[in-house]
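In what follows, every chain begins at residue 1, and chains take the letters A, B, ... in the order their sequences are listed.
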There are 2 protein chains.
Amino acid sequence: MSADPAVRREIPDATVARLPEYLRSLSRLAEQGVLSVSSEELSAAVGVRSAQLRKDLSHLGSYGVRGVGYEVDTLAFEISRALGLTQDWPVAIVGMGNLGHALASYSGFVTKGFRIVALFDDDPALRGETVAGVAIQPFRELRSRHGADPIAIGVIATPAAAAQTVCDELVEVGVRSILNFAPAVLSVPEDVDVRRVDLSTELQILAFHAQQKALAGLQPVGAAHALDGCVAHAADPEAVAT
Amino acid sequence: MSADPAVRREIPDATVARLPEYLRSLSRLAEQGVLSVSSEELSAAVGVRSAQLRKDLSHLGSYGVRGVGYEVDTLAFEISRALGLTQDWPVAIVGMGNLGHALASYSGFVTKGFRIVALFDDDPALRGETVAGVAIQPFRELRSRHGADPIAIGVIATPAAAAQTVCDELVEVGVRSILNFAPAVLSVPEDVDVRRVDLSTELQILAFHAQQKALAGLQPVGAAHALDGCVAHAADPEAVAT
DNA sequence: CTCACTTTGTGCATAGGTTCACAAACGTCT
DNA sequence: AGACGTTTGTGAACCTATGCACAAAGTGAG
Ligand SMILES: NC(=O)c1ccc[n+]([C@@H]2O[C@H](COP(=O)([O-])OP(=O)(O)OC[C@H]3O[C@@H](n4cnc5c(N)ncnc54)[C@H](O)[C@@H]3O)[C@@H](O)[C@H]2O)c1
Ligand SMILES: NC(=O)c1ccc[n+]([C@@H]2O[C@H](COP(=O)([O-])OP(=O)(O)OC[C@H]3O[C@@H](n4cnc5c(N)ncnc54)[C@H](O)[C@@H]3O)[C@@H](O)[C@H]2O)c1
């Protein structure tokens, strides 16, 4: 079984979470006309250790050349392929309030194979409105819309109170991947993948660290450097010369 | 030092990331008039194992009662205190485009001690506009505004090209905590805490898992359980059209 | 061809996180 | 008071992730 040569390697979650970063940096480099990059350079650009980058990439296969580095185009393609970005992902957004509008009009998605195919909102006031070329529909249209152009990823941007209901209906029509912006824990069958983005959580984590720093600063626990010079950029010791 | 009763224990990052979830569930329970909760109940509500919840809480101290559970109010307060939410955190948002507007008008922040004190945008078209009672100012006003009411947390919602510059200026006036929505890696002094939220990354992670599921579904590699009775509703077979 | 130099890919050690399983602590009932 | 069922808090095992260090594999010069 596992002796299959072309076996789907287990790519660790932590690695998967970093691949988009690598891909972004590679795209940037490609735009600049850079043809080849070493793990040292690329890792510096994304802010990780070079060993980590190499280990991450090793999970995809051997696409580097020893003594040389990685060909930018090749590596970008291989990461895209591993992430599944070489195919098309029809996305639907449910809840076209402030956040939904921002998401729908954001062009950053489209560049990576994500295509917004439907926008849903039950507010009659939004009926007929078009955002980025897609009309807003009542949520009950989900079934018919889904039949026409199956939705692969559902984005929930409704208030928390509606999130579980919306989620259930998305799951019912076959959506297996959900990105949830509502501050609610969604209950789904185990074959459905839910990721939650919560800005409030992020702020709270920042607050925690800020408080820790403040407390450390009051104690003479070696906070001598807390007031250091200033804005000297955190040039890592290994910041590579150009 | 370590004999200090109120010693600042090291709270693991993974735990800190979950504390806001616990707090949210506790707040919900408090609203419902629930006075006491067991680790089993609370963990079920947030979707983690009970042992994990207990271990997480043990880092804050012993606030449970054996054989009984946790008093909702007490636990909520202790988590709030650990996260630093018992104090006030002045927040500034830079970049009042689609996303900035959504963030500024979002009421979820305010409830937890976060107070939006300034909104910045260099676009003359936005001059004078007010969102949620706060006027949008040109970014160069940062210094004066900061002096009046020091900013603890800066939120960057500008295009990626402007993110580093904005970040530098925030750091220069003393902001030590930054939440970055722009798809850019920020370089900062090591005493500055940057968290990045990237919707595109989240979608890409979802796409990866969706692809893995699709591939596993095609191979009989022990996918027998994939058809378990979870989803009673036969979804369209994953359309893997090109 | 050989040597010197560069950079990848990876084995291994360390660190961090999760889960299990159970003794200790508590309330309650008799 | 003592026995009993419940739930916490935590040691220990297990799993995952990170960082180090180096052999292997390549390039290019002479
Ligand atoms: N705005 C932000 O910056 C922000 C930040 C963090 C989290 N959030 C969360 O994101 C979600 C959306 O935020 P928002 O600011 O856009 O809220 P909003 O109130 O502006 O928009 C919510 C939209 O959902 C629609 N809706 C409600 N129930 C629906 C249903 N059953 N089916 C379809 N549409 C429905 C409403 O008509 C409304 O247009 C909320 O859960 C909020 O907590 C928002
Ligand atoms: N809208 C989304 O859903 C979304 C999703 C993911 C990421 N993002 C990222 O968030 C950021 C903002 O997104 P958006 O959709 O709001 O973009 P936007 O173009 O609508 O808004 C950007 C705003 O920043 C302002 N700005 C530019 N340079 C500035 C400077 N130096 N100082 C102050 N203000 C400045 C502009 O005037 C504009 O109002 C972008 O980096 C985008 O990639 C947005």
- prompt: Should the heavy atoms of other residues, nucleotides or ligands under 6.0 Å from CZ of B/R196 be counted, would the total exceed 12?
  reply: yes
Rounded distance (Å) that lies between atom P of D/dC15 and atom CD of A/E10: 14 Å
message: Strictly under 4.0 angstrom, non-hydrogen atoms only: write out the protein contact profile of nucleotides 1-6 of chain C, one letter per nucleotide from the 5' end, B, S or -.
response: -----B
- request: Locate the shortest heavy-atom distance separating A/T158 from A/G95; write the atom from each residue and the value.
  value: CG2-CA, 3.7 Å
Check nucleotides 14-18 of chain C for protein N or O atoms closer than 3.5 Å to its own N or O atoms and list the pairs.
residue, atom, partner, partner atom, Å
C/dT18, OP1, B/R18, NH1, 3.0
C/dT18, OP2, B/R18, NH1, 3.3
C/dT18, OP2, B/R18, NH2, 2.8
C/dT18, OP2, B/Q52, OE1, 3.2
C/dT18, O5', B/Q52, OE1, 3.2

message: On the nucleotide D/dT7, are OP1 or OP2 found under 4.0 Å from the side-chain N or O atoms that B/Y63 carries?
response: no
field: Whole angstrom value for the distance that separates C1' of C/dG9 from CG of A/L60
entry: 13 Å
query: Is it the case that A/S27 and A/E31 place a side-chain donor and acceptor less than 3.5 Å from each other?
result: no
message: Angle between the two end axes of the helix from C/dC1-D/dG30 to C/dT30-D/dA1, five base pairs per end, rounded to 10 degrees?
response: 0°
task: Could you please spell out the steps behind the side-chain hydrogen bond (donor to acceptor under 3.5 Å, both in side chains) verdict for B/S200 and B/Q204?
output: CA-CA 6 Å; B/S200 186; B/Q204 288 174 56; 3.1 Å; yes
message: Please determine whether the number of non-hydrogen atoms from other residues, nucleotides or ligands lying under 6.0 Å from atom CZ of B/R18 exceeds 12.
response: yes
message: Using side-chain heavy atoms (C-beta onward) and a distance below 4.5 Å, is A/D198 in contact with A/F181?
response: no
task: Quickly work out the A/E41 CD to C/dT7 P distance and round it to whole Å.
output: 8 Å
field: Nearest non-hydrogen partners of A/A152 and A/W89, listed with the distance
entry: CB-CE3, 3.6 Å
task: Send over the distance from A/L57 CG to D/dA17 C1', rounded to a whole Å.
output: 16 Å
task: Calculate, to the nearest 0.5 Å, the distance between atoms CG and CG belonging to A/L203 and B/L103 respectively.
output: 9.0 Å
field: Length of the line joining A/L53:CG and C/dT10:C1', which is rounded to integer Å
entry: 14 Å
message: Please tell me whether B/R54 and B/S39 have a donor and an acceptor in their side chains that are separated by less than 3.5 angstrom.
response: yes
query: Can you tell me how far P of D/dG11 sits from CZ of B/R54, to the nearest Å?
result: 14 Å
statement: Rounded to whole Å, CG of A/L19 lies from P of D/dA17 at a distance of 13 Å
- request: Answer yes or no: is there an ion pair linking B/D191 with A/K213, defined by an N-O contact shorter than 4.0 Å?
  value: no
- prompt: Is there a side-chain polar atom (N or O) of B/Y70 under 4.0 Å from OP1 or OP2 of D/dG9?
  reply: yes
task: With DNA chain D as reference, determine whether B/S62 or A/V65 sits nearer its 5' end, using the nearest nucleotide of each.
output: B/S62
- prompt: Would you say the side chains of B/Q52 and B/D56 form a donor-acceptor pair under 3.5 Å?
  reply: no
query: Closer than 4.0 Å, any side-chain N/O of B/S39 to the OP1 or OP2 of D/dT7?
result: no
- request: Using whole Å, report how far CD of A/E71 lies from C1' of D/dT27.
  value: 16 Å
query: Does A/S38 place a side-chain N or O at less than 4.0 Å from the phosphate oxygens OP1/OP2 of C/dT7?
result: no
- prompt: With side chains defined as the heavy atoms from C-beta onward, is the minimum distance between A/E21 and B/T201 less than 4.5 Å?
  reply: yes
